[in-house]
Number of protein chains: 2
Amino acid sequence: MAKVDTSLVAHLPLFAGMTPEALDEILREARSARYPKNSAIFEQGADAQSFFLLLHGHVRAAKTTPTGEQIVVRYVAPGETFGLAMAIGAARYPATAIAVDDSVVLIWPTSAWPRLVERFPSLAANTLQTVGTRLQESHTRILEMSTQQVEQRVAHALLRLAKQSGKKLDRGIEIDFPISRQDIAQMTGTTLHTVSRILSGWESQGLVESGRQRIILRDPHGIVVLAERSAASGSA
Amino acid sequence: MAKVDTSLVAHLPLFAGMTPEALDEILREARSARYPKNSAIFEQGADAQSFFLLLHGHVRAAKTTPTGEQIVVRYVAPGETFGLAMAIGAARYPATAIAVDDSVVLIWPTSAWPRLVERFPSLAANTLQTVGTRLQESHTRILEMSTQQVEQRVAHALLRLAKQSGKKLDRGIEIDFPISRQDIAQMTGTTLHTVSRILSGWESQGLVESGRQRIILRDPHGIVVLAERSAASGSA
DNA sequence: CCGACAGTTTGCGATAGCGCAAAACGGGAC
DNA sequence: GTCCCGTTTTGCGCTATCGCAAACTGTCGG
């Protein structure tokens, strides 16, 4: 098993407050793997045999209803963990994880978790922290879905993506992984048609530049304004 | 400070896997308090000075937007913790907690958390578990809001409340704390008007019996059917 | 260089649910 | 017993957004 370079991950919140030796010991239990673009890392409902830390690339976590509708739970950025079903006491993955770009991950067997936590209690504390943060974000999302209209929700979603995974260009901020209208719709509780209409509108106002699975915020501030107005007039 | 009877709380998931001595030591750090119906336990945005365990009563956690709209994050049932801002690394409460019935809580100072976690690591593990479960529930709620219509969402919400805090009556299952149309609207992302219309409809079909801040599910199974149909005809 | 296809755009009804307004109701306080 | 106030009910028009359908376009494979 290839040795993982500790220096690459030592600064991650997950490992906060750990000695190099502890970190080393934890990493020794992991293996790494590469998932090509558009491949599934795990499927909703499957046995949660592993948990993951994303090193490179981007991963989409999506939840599917019995009737086949999907929502995007979140996009995982490098340095974040995912597939932590066991931490919450679930035997099966509650969502599907797909690599949206060629991605590299560290993989631990779920079975190692109890031992690791016992040996390194701060692992549980750190994980609690991240899960708690996600819970808050979740609540914020519910609040938005309950109180804002679609255009504002899309604006917020894009701003969050830009903050999380934005690449600074001179023309604006580009979301640096492939994302479709459909994906955005599934993040905001609407349809790809509506998202398309909204982006078209923004494009003609010079707020964004968007193409096939690619979005550049040309005027982030303008979008912030859109996101924050509570209930105003329509678009041009 | 009144001594808390350990036997009352020993079985709670929060304290799973703890020795009586550990439990005792943890409880020694808590004080208890009583909040009358409709009083605030803490306000959104306030310094998170304490965290809580509900012993008796019911508490509503609600989040407010800058513009004043509210959503109900959850209803806390006896035995559950709330106000765990520190566990997720937040200095301020992200929501407001209101006692919807006369309630009794245990209160720990937030400052005690790091010490307790260090001394009793399973506290972190157990909390991680509950926070993780809440995260999942949150995702389920987002999924519902994205894919279902209002009537189904209300059906699901009531079924959940009934499961969590339902009192079995011969006429059906009563949600055993005061809850208004407005509250249900804020749980499901709709308006009190729409909730009222839906409940009126159900009442005339004999599915529920509802009054002022009081709801009885007379035909839980009928409501399950409503909740599960993916997209069908209207009501009578 | 060309075809095929996935992703996108756009038009055009249809409608679920909102928002406002007003009336009805029920329970408690005195 | 009566008054008052918070809650609930209901009517009615409005519109944001969906849903379907069709046309369009950029990309990739060959």
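If you're wondering where the values come from, they're calculated on a predicted model, not measured in any experiment. In what follows, every chain begins at residue 1, and chains take the letters A, B, ... in the order their sequences are listed. What's counted below: heavy atoms across the whole structure, side chains too, no hydrogens, waters or symmetry copies.
Among residues at least two apart or in separate chains, there is no salt bridge (Lys or Arg N to Asp or Glu O under 4.0 Å) pair with a member in residues 188-200 of chain B. Evaluation of the salt bridge (Lys or Arg N to Asp or Glu O under 4.0 Å) test over residues 131-143 of chain B, restricted to residues two or more places apart or in two chains, returns none. Every pair passing salt bridge (Lys or Arg N to Asp or Glu O under 4.0 Å) that includes a residue from residues 172-182 of chain A is listed here, sequence neighbours excluded: A/E174-A/R214. Within the structure, no pair that satisfies the ring pair (Phe, Tyr, Trp, His ring centres under 6.0 Å) test touches residues 189-225 of chain B, not counting sequence neighbours. The salt bridge (Lys or Arg N to Asp or Glu O under 4.0 Å) analysis of residues 56-71 of chain A, with sequence neighbours excluded, yields the pairs A/R60-A/D183.
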Short N/O separations, protein against nucleotides 28-30 of chain D, under 3.5 angstrom:
none

Nucleotide N/O of nucleotides 7-14 of chain D paired with protein N/O under 3.5 Å:
| unit_1 | atom_1 | unit_2 | atom_2 | d |
| --- | --- | --- | --- | --- |
| D/dT7 | O4' | B/R212 | NH2 | 3.4 |
| D/dT8 | OP1 | B/Q213 | N | 3.1 |
| D/dT8 | OP2 | B/R181 | N | 3.2 |
| D/dT9 | OP1 | B/R181 | NH2 | 3.4 |
| D/dT9 | OP2 | B/R181 | NE | 2.9 |
| D/dT9 | OP2 | B/S196 | OG | 2.6 |
| D/dT9 | O5' | B/S196 | OG | 3.4 |
| D/dT10 | OP2 | B/S200 | OG | 3.1 |
| D/dT10 | O4 | B/H193 | ND1 | 3.0 |
| D/dG11 | N7 | B/R197 | NH1 | 3.2 |
| D/dG11 | O6 | B/R197 | NH2 | 3.3 |

Can you pull every protein N or O that's under 3.5 Å from an N or O on nucleotides 28-30 of chain C?
none

Run the side-chain donor-acceptor check on residues 38-50 of chain B: report pairs under 3.5 Å with partners two or more places apart or on a different chain.
| unit_1 | atom_1 | unit_2 | atom_2 | d |
| --- | --- | --- | --- | --- |
| B/S39 | OG | B/P36 | O | 2.5 |
| B/Q44 | OE1 | B/T64 | N | 2.8 |
| B/Q44 | NE2 | B/T64 | O | 3.1 |

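With sequence neighbours left out, A/Q129 forms a side-chain hydrogen bond (donor to acceptor under 3.5 Å, both in side chains) with no residue at all. With sequence neighbours excluded, the residues that form a side-chain hydrogen bond (donor to acceptor under 3.5 Å, both in side chains) with B/T191 are B/T194.
Side-chain nitrogen and oxygen atoms of B/T190 include none within less than 4.0 Å of the OP1 or OP2 phosphate oxygen of C/dG17.
No donor-acceptor pair under 3.5 Å is formed between the side chain of A/R34 and the backbone N or O of A/D102. With hydrogens and angles ignored, the 3.5 Å screen pairs no side-chain donor or acceptor of B/E151 with any backbone N or O of B/L226.
The aromatic rings of B/F52 and B/F82 sit parallel, their planes meeting at an angle under 30°, below the 60° perpendicular limit.
Rounded to an integer number of Å, the gap from CD of A/Q149 to C1' of D/dT15 is 10 Å. For the pair B/Q148 CD and C/dA16 P, the interatomic distance rounds to 16 Å; values are reported in whole Å. Spacing between atom NZ of A/K37 and atom P of C/dA6 amounts to 15 Å, rounded to whole angstrom units. Whole-Å rounding puts the A/E209 CD to D/dG26 P distance at 13 Å.
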Should B/L14 and B/T130 be marked as a side chain to side chain contact (heavy atoms under 4.5 Å, CB included) after you check the CA-CA gap, both sets of side-chain angles, and the distance that decides it?
CA-CA 8 Å; B/L14 176 63; B/T130 61; over 6 Å; no
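A salt bridge links A/R218 to A/E209: at least one charged side-chain nitrogen sits closer than 4.0 Å to a carboxylate oxygen.
Helix bend of the helix from C/dC1-D/dG30 to C/dC30-D/dG1: the angle between its two end axes, each built from five pairs, comes to 50° after rounding to 10°.
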